[in-house]
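Written below as structure tokens is the structure these notes are about.
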Amino acid sequence: MRGVHSAVDDIRRSVFTEVARLAYESDDYKQVDMIPYKIVPGEVAHHRHDVFLERASVSARLKLDLGMDLDPNGPSAPISANIQDAATDQKYFNEPLVNIIPYACNACPPKQVRITDSCQGCISHPCMNVCPKDAIYLDENKRCHIDQSKCIKCGKCFNQCPYRAISKVERPCAAACGMDAIESDELGRAKINYDKCVSCGMCLVNCPFAAIADKSQIFQLIQAIKRGEEVIACVAPAFVGQYGPDATPAKLKTAMRTLGFADVVEVAIGADLCTVEEANDFLREVPEKIDWMGTSCCPAWSMMAKKLFPQFKDNISMALTPMVITARMVKKDHPNARIVFIGPCAAKKLEANRKSVRSDVDFVLTFEGLLGMFDAKEIDFKTLEADPTDGMDEGSGFGRGFAVGGGVAAAVVEAIKHIDPDREILIEYGDGLKECRKMLAMAKAGKRNGYLLEGMGCPGGCVNGGGQPMFNEDGTLVVVFNGEIYNYKPLRAELRRLGHTFATDSDTEVLLHGYEAWGAALPRHLRGMFAFALWDRAAGTLFCARDLFGIKPLYYYQKGACLLFASEIKAFLAHPAFEKRLNEARLPDWLSMEYLPDRET
């Protein structure tokens, strides 16, 4: 799941759970009309000013999770009136996939630069001096204000104020959209321009009012399972860590069989085959036929490239995506099976909706949707028993690395090395659609000839969050990292001289290759503020380190065989093994100094 947990996540999860419970446990679909009252009980609103607005918003999400269309003018009939249209295992998505629930939208102000009450009325007025439009003026108290009719939102004043008294306000959905597809309707509410939208889902996960949702096939998927069809799940490599530390690959497989899936296959094997196909495409096409080649696996990136730069449609690899390759492999052995792809991505739903893919992939479900199914069946990974040898190890470390930003290009480059060891490959990675657009603009200017370009619609890749956890090439090392390595560029140059190959420009990857080169001496080479944990799968060892002064803290807690580590103590509260108790002996020190000078907390 993405980002910091919030009430929005709880709402999404509750709706998925109730839809799954309805599909599993009842044939009386009229009960669907009572779900909003179950999720939002009583007469007092929990999150909004009006309990009826909360229920209406939940009702709209219910319709979308049932795969139904929203009523353009708001709810006009009970959901049960049309639910039979959704009670089928043959339903595809009707576009649009991503929808704004108009009455749930807060009509957040569009992009603005504002001067707050923190303005001190200083005599230097650097904000006024740098404003290119003379939009800043003084009131009678010599405090600054912005004339919004003149302001062009350049942000120069924001960067100059010594008191940080200037704020930039922008709709979260619009700020997250790399396609500038978020506009305003006549009431000032957010509206999606579907001519620009590529269904990446970034607006969906960034709306703090739960006013944006995508359609789901969870209801139709469970219908197929209940009818006794052979449903096989193809799970994206980004499943690692999605359901907590107890959800091992073996337990995940067992849990999914409990849900009714006939079998579970990891898509990393499809990623490996996609790697070989894209490597051969690059060697065959670049530079003889095309100046550069783009990877194919992210549908949002691929669609963005073709929409904004149609002249480059032939530069995007035509290799089948890992999802489609894996689905075809499974259907070859199980011709009557129904295939569901499970991953983090909304855009995969749009890919599966293409007529050329419908015969391969029958359903697409997000990790959140699968979590709703687990909740409906009350599956507890902590108590669930599973055969440890029944894991998901079909793919290579490179295949699993597809989920990490830069991982696709790294895998393709490694494959090219085996095919043509003397071929040097230049790569560039676009982290999110905004960076992808810049990357293609450089390609349009002729500055990326000979390159392999990888684009990801989600910053950090499918796993999100800065490309973490990040794996090395063979999947034997994995790191999570908080902070910044100031000297990562010279370290990367040094490691390259030692023979290491980099797939990204991030300082995180320097930690992986640095550990390969220097082992436990790695921190001695680092300059910066950092805390990281590195797991060596081959050796079975965990290596944790922080910067010398503890600018980025590293806390750990050990009880028996349980070891917890985090950058904040409050992270431990989520683990049941952690015992909360006040350190009364050190409380006076904390109250007087606001820190403890030794190892205690």
Side-chain angles (χ1 to χ4, degrees), residues 1-2 199-202 205 214 216-218 221 231-244 247-253 255-256 259 261 263-275 295-302 319-330 339-353 357 360-374 391-408 410-411 454-465 467-471 475 478:
M1 313 314 151
R2 305 191 200 204
S199 299
C200 68
M202 290 304 297
V205 298
D214 60 338
S216 175
Q217 287 178 305
I218 183 173
L221 168 62
V231 180
I232 297 177
C234 297
V235 183
F239 76 87
V240 177
Q242 292 289 336
Y243 304 110
T248 63
K251 284 190 175 185
L252 185 64
K253 264 189 154 179
M256 293 181 69
L259 295 179
F261 292 102
D263 199 3
V264 183
V265 178
E266 187 182 3
V267 175
I269 183 65
D272 287 331
L273 295 174
C274 175
T275 296
T295 57
S296 67
C297 73
C298 175
W301 139 257
S302 176
L320 296 175
T321 64
M323 176 183 78
V324 177
I325 292 175
T326 306
R328 289 186 177 180
M329 289 174 59
V330 173
I339 304 299
V340 53
F341 172 80
I342 301 175
C345 181
K348 283 294 182 183
K349 298 178 181 181
L350 206 60
E351 180 186 349
N353 213 35
V357 179
D360 303 310
V361 181
D362 300 277
F363 309 100
V364 175
L365 195 66
T366 62
F367 288 134
E368 277 188 313
L370 183 62
L371 181 60
M373 294 175 70
F374 288 147
M392 286 185 271
D393 53 5
E394 297 95 340
S396 69
F398 278 111
R400 294 189 182 95
F402 264 48
V404 178
V408 181
E454 177 188 346
M456 284 283 189
C458 297
C462 304
V463 294
N464 198 254
Q468 296 187 40
M470 181 175 281
F471 295 82
V478 58

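Numbers for residues simply follow the sequence, beginning at 1.
Under the 4.5 Å side-chain criterion, counting only non-hydrogen atoms from C-beta, Lys253 is not in contact with Val235. Between Lys349 and Thr366, the closest side-chain pair of non-hydrogen atoms falls below 4.5 Å. Contact of the Leu365 side chain with the Ile218 side chain is registered, since non-hydrogen atoms from C-beta on lie closer than 4.5 Å. No side-chain heavy atom of Val264 sits under 4.5 Å from any side-chain heavy atom of Leu252. Put simply, the side chain of Gln217 does not reach to within 4.5 Å of the side chain of Val340, judged on heavy atoms.
To the nearest 0.5 Å, the span separating SG on Cys345 from CG on Leu350 amounts to 9.5 Å. Atoms SG and CG, from Cys200 and Asp214 in turn, are 11.0 Å apart once rounded to the nearest 0.5 Å. Trp301 CH2 to Thr295 OG1: the interatomic distance, rounded to the nearest 0.5 Å, is 6.0 Å. Note that CG of Leu320 and SG of Cys297 are 12.5 Å apart. Values are rounded to the nearest 0.5 Å. In this structure, CG in Leu273 is found 5.5 Å from CD1 in Ile325, a value given to the nearest 0.5 Å. The distance from the CG atom of Leu370 to the CE atom of Met256 is 5.0 Å, given to the nearest 0.5 Å.
Residue Ser296 comes nearest to Thr321 through the heavy atom pair O-CG2, 3.6 Å, listed as atom of the first residue, atom of the second, then distance. In this structure, Gly343 and Ala236 approach most closely via the heavy-atom pair CA-CB, 3.9 Å. Considering all non-hydrogen atoms of both residues, Phe261 and Ala233 come closest at CD2-CB, 3.9 Å. Glu351 and Pro299 get closest at one heavy-atom pair: OE1-CG, 3.8 Å. Nearest heavy-atom pair, Val361 versus Ala352, reported as atom, atom and distance to 0.1 Å: CG1-CB, 4.1 Å. Considering every non-hydrogen atom in both Lys348 and Val364, the closest pair reads O-CG2, 3.8 Å.
Thr275 places a side-chain N or O within 3.5 Å of a backbone atom of Ala271 that can act as its donor or acceptor partner.
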